[in-house]
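Each chain gets a letter, A, B and so on, in the order the sequences are listed, and its residues count up from 1.
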Amino acid sequence: MCSCTLSFNRTLIRLFLPSILFSSLRMSTFVLASLSSLPFPSSHHCLVSNQAQPHLQTLPLISSINNCKTMEDFKQFHSQIIRSGLSGFLAEQHRMVSFCCTHGQGDMGYARLLFDEIPEPDNFMWNTMIRGYSNNSSPEAAVSLYIEMLARGVGPDNYTYPFLLKAFDRQMAIEFGGGLHAHVTKFGFCTNAHVQDALIHVYSISGEMDAARELFDKSPKQNSVLWNAIISAYNRSKKYDESCKLFAEMEELQVEPTVVTLVLVISACAKLKNLEYGAWIHRNIENFRIVPNLALLNALIDMYAGCGDIRTAWSLFENMEAKDVISWTAMVAGLANLGQVDQARELFNRMPERDIISWTVMIDGYMKANRFKEVLEIFREMQAVSVRPDEFTMVSVLTACANLGALVVGEWIRVYMERYKVNMDIFVNNAMIDLYCKCGCVENAFNIFEKMLKRDKFTWTTMITGLAINGHGEHALDLFTRMLRTSVRPDEVTFIGVLTACIHAGFIEEGREIFSSMINTHGIFPNVCHYGCLVDLLGRAGQLKEALETITNMPMKPNSRVWGALLGACRVHRNLEMGELAANKILELEPDNGAVYVLLSNLYAKLNRWEEVGKVKDMLMQRGVKKIPGYSLIEINGNIYEFVAGDCTHPRIEEIHKKMEEMGRDLMLAGYAPDATEVFIDISEEEKEDTIYKHCEKLAIAFGLLSSPAGATIRVVKNLRICLDCHNAIKLISIIYKRLIVVRDKTRFHHFSSGSCSCKDYW
DNA sequence: ATAGGGTTAG
């Protein structure tokens, strides 16, 4: 049997909602003709016979509708009613429709069948039906019924609009919020507080805060409920300082807040990180004559924890009579955001129950602490206990994948999200673009980018930077030009990406122009990172003098990265004097910067100044500087393997060493000669060659060769800059084994194919 | 006979 619900789609609603207003309360032939598919006025699918007469003697046999727990109970009750002949009675009909509409187990299809038996439903009945659809989250059906109600000449009342509007989602609110406001005005319910409240709610979800505010301003404002409604609307629109302002205004006008008001304002303080105001409200709870309930305590815990006052959060948490999952989650999030991930995990493990948000908070905590492998571990744990990830979870997991170069896991997430219809919103798409870019798959990233209907500044910035570090400088600049034609404005991060594109592609003039356009046309003042880019850009082009001038004239104190860019350029262009200057400046700022010693000794080595190489080595030993240990990551079958130089802990290390020997032989045959000029000096001469030989990226590639099918791309992520020797070797490996090898190092990508690298040996 | 505002995640 058909469900017989009138289901207008949004197109029809768009058509009828305005027209019904002008034909209000009279039968509209136009609308009624269009509603001819309705089971009205006499339905051809009667459940019951209206002709039946009641037999009062059967009454005692009828069970009470109040005892019905499920639709099954109800259907039995209904058949008793039919048999008893009571089904034509209005009171029974009302009670039965109400049951189907308002009971937790109700059934709107059934409600509609019963409703259609009522020859002339009054507006109470229509309201009940509308409420049913609303509770059912079927806003279209609710509006359809509302249109039908007006078409049949039944007037709405104060109750109609709150029911109708309550279930609106964002899209419905945008499309029909204003229209229904017109209905409210026309029918004269503008002054009813419940109706105003519902309208404020609808405007807030469609983001029309001005309209919401106008309604609020026109209201009498005596009752706190509308204040709560407008504060809640500002919170939803992330206008948290407006929420606090309104609360202050409430005080001035001596409108008494309720516990809900305080929950809203404390929550706003948490988002604003305004500990002072939040704590002040907390101290004054009694003066406000408020008895804190669970929601308020949770909001306070979140506020204190979010503002970094973990001690107060703890004491509130520990003194609570009853905690719910939100209390625990707020504490876990507070610890995680302070960087105390392990403490957060301990608390997380003690939680009596965990929901999707708790898991996501924990996952995100590991992500923010750069503990990416643990992100994947806990994500697996979460799935093992059958908690379904949502789009929030996926953003954190995708970010971890991007940092690990875990392409397979990332792809799995994409498939999962499609299969389980997880909402692919702008955050997820941005994370997906980042993943593909950081795995060296720019085309896949770009496909997602092009398919997106809405792009924010993060979308553009991620894509531009991704193209830049993958060596597609020209494409990155094209995209930037395209971005400038949209309404999305670039920010300082976007310009880092754009300048990076110029650096990697060697676009000196474009880079300079863009740098000066930052101030002149975009009103963004370059920070020290932008100056670093400019120095890098000039330095790589060999314009060392201008690079140094840039540093001398920059309006802020140059940091070690700025000097590092100059030092790098001096190494490439073999400028000893300036290189020493830059190195000294860096060591003044950061005596423990191991990378400087490497760069400087490389520079000396290139110029065959071995005595100085030795001096750098001595200096390093004296100061006890530790070089950051290098590691390489490779993902095989969805697992992440980590290699460090001379690694012996891998379970298949023997196979890997055998492969390394084979690779060594093949490389020699192909004319490879180890180049030790870039090898660092903390090892003795005789060890040198052996150590290069075992650089972790080579180990990772050897493992990649033996664990992936012929022809498969090998992707490696390295935490440091790739060395010259490995770069030479991998070029040859790409020929010998006919593989595309993608290495992401600290700053850029190297796509090795048929003996050459996308960086054009310039990195 | 029917209605209002709330706390945790990117």
Side-chain angles (χ1 to χ4, degrees), chain A residues 90-91 94-95 97-98 101-102 122-132 134-135 157-166 189 192-201 204 216 219 223-233 235-236 243 257-271 290 292-303 305-306 323-334 336-337 351 354-365 367-368 389-399 423 425-431 434 456 458:
Chain A
L90 205 57
H94 278 186
R95 288 168 61 184
V97 172
S98 293
C101 288
T102 58
D122 56 11
N123 55 13
F124 174 82
M125 277 297 47
W126 287 97
N127 289 348
T128 305
M129 283 296 289
I130 291 170
R131 173 155 74 129
S134 267
N135 291 345
D157 62 15
N158 280 338
Y159 290 84
T160 311
Y161 295 97
F163 289 143
L164 185 59
L165 298 172
K166 207 172 66 182
F189 300 117
N192 179 283
H194 292 277
V195 177
Q196 289 170 340
D197 176 60
L199 284 170
I200 289 175
H201 172 81
S204 83
F216 172 76
S219 73
N223 182 324
S224 68
V225 173
L226 277 191
W227 287 87
N228 293 347
I230 191 75
I231 293 174
S232 152
N235 274 4
R236 196 180 332 238
S243 302
T258 63
V259 69
V260 175
T261 323
L262 296 198
V263 168
L264 288 165
V265 183
I266 290 292
S267 160
C269 290
K271 302 283 196 240
I290 299 294
N293 62 5
L294 180 60
L296 181 53
L297 288 169
N298 286 345
L300 283 166
I301 289 173
D302 178 55
M303 190 272 295
K323 306 172 177 67
D324 66 1
V325 65
I326 296 176
S327 333
W328 287 87
T329 305
M331 275 312 299
V332 171
N337 286 331
M351 287 177 77
R354 301 175 194 97
D355 63 8
I356 174 65
I357 299 182
S358 332
W359 283 97
T360 304
V361 163
M362 203 54 244
I363 288 174
D364 194 51
M367 195 273 280
K368 286 201 185 107
D390 65 6
E391 65 268 32
F392 287 79
T393 326
M394 290 315 198
V395 169
S396 300
V397 179
L398 285 171
T399 307
N423 180 21
D425 64 14
I426 199 162
F427 291 89
V428 175
N429 277 306
N430 292 350
D434 190 39
D456 60 14
F458 300 99

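Counting all heavy atoms, side chain and backbone alike, A:Ala268 lies closest to A:Ser243 at CB-CB, 4.0 Å.
The side-chain contact (heavy atoms from CB on, under 4.5 Å) search around A:Pro292 returns A:Ile285, A:Leu296, A:Leu297, not counting sequence neighbours. When the side-chain contact (heavy atoms from CB on, under 4.5 Å) test is applied to A:Asn430, the partners found at least two apart in sequence or on another chain are A:Ile426, A:Met452, A:Asp456, A:Phe458, A:Thr459. Residues forming a side-chain contact (heavy atoms from CB on, under 4.5 Å) with A:Asn423 (at least two apart in sequence, or on another chain): A:Glu391, A:Asp425. With sequence neighbours excluded, the residues forming a side-chain contact (heavy atoms from CB on, under 4.5 Å) with A:Ser224 are A:Asn228, A:Met250, A:Val255, A:Thr258, listed by chain and number. Under the rule for a ring pair (Phe, Tyr, Trp, His ring centres under 6.0 Å), the partners of A:Phe216 that lie at least two apart in sequence or sit in another chain are A:Trp227.
Among the atoms of the strands shown, only primed sugar atoms or phosphate atoms (P, OP1, OP2) are found under 4.0 Å from some heavy atom of A:Ser232. Residue contacts shown for A:Asp390 include a base, since a base heavy atom lies under 4.0 Å away. Within the nucleic acid shown, A:Arg236 comes within 4.0 Å of sugar-phosphate atoms alone, with no base atom in reach, counting heavy atoms only. Contacts of A:Leu264 with the nucleic acid, taken as non-hydrogen atoms under 4.0 Å apart, involve only primed sugar atoms and P, OP1 or OP2. A:Val361 comes within 4.0 angstrom of the backbone, heavy atoms only, and of no base. Contacts of A:His94 with the nucleic acid, taken as non-hydrogen atoms under 4.0 Å apart, include base atoms. Within the 4.0 angstrom heavy-atom criterion, no nucleotide atom of any strand lies near A:Gln196. Nucleic acid contact for A:Asn235: none, since no nucleic acid atom lies under 4.0 Å from a heavy atom of the residue. Nucleic acid contact class of A:Thr258 (heavy atoms, under 4.0 Å, all strands): base. Nucleic acid contact class of A:Tyr161 (heavy atoms, under 4.0 Å, all strands): none. Residue A:Ala431 is out of contact with every strand shown, counting any heavy-atom pair closer than 4.0 Å. A:Asp364 comes within 4.0 angstrom of sugar-phosphate atoms only, judged by non-hydrogen atoms across all strands, and of no base. Among the heavy atoms of the strands lying under 4.0 Å from A:Ser267 are primed sugar atoms or P, OP1, OP2 only; no base atom is included. In this structure, A:Thr261 reaches neither bases nor backbone, as no heavy-atom distance under 4.0 Å exists between it and the strands shown.
Using a 4.0 Å cutoff to heavy atoms of chain A, the contacted part of DNA chain B runs 5' to 3' from B:dA1 to B:dG10.
At a threshold of 4.5 Å between non-hydrogen side-chain atoms, the residues A:Leu398 and A:Asp434 do not count as touching.
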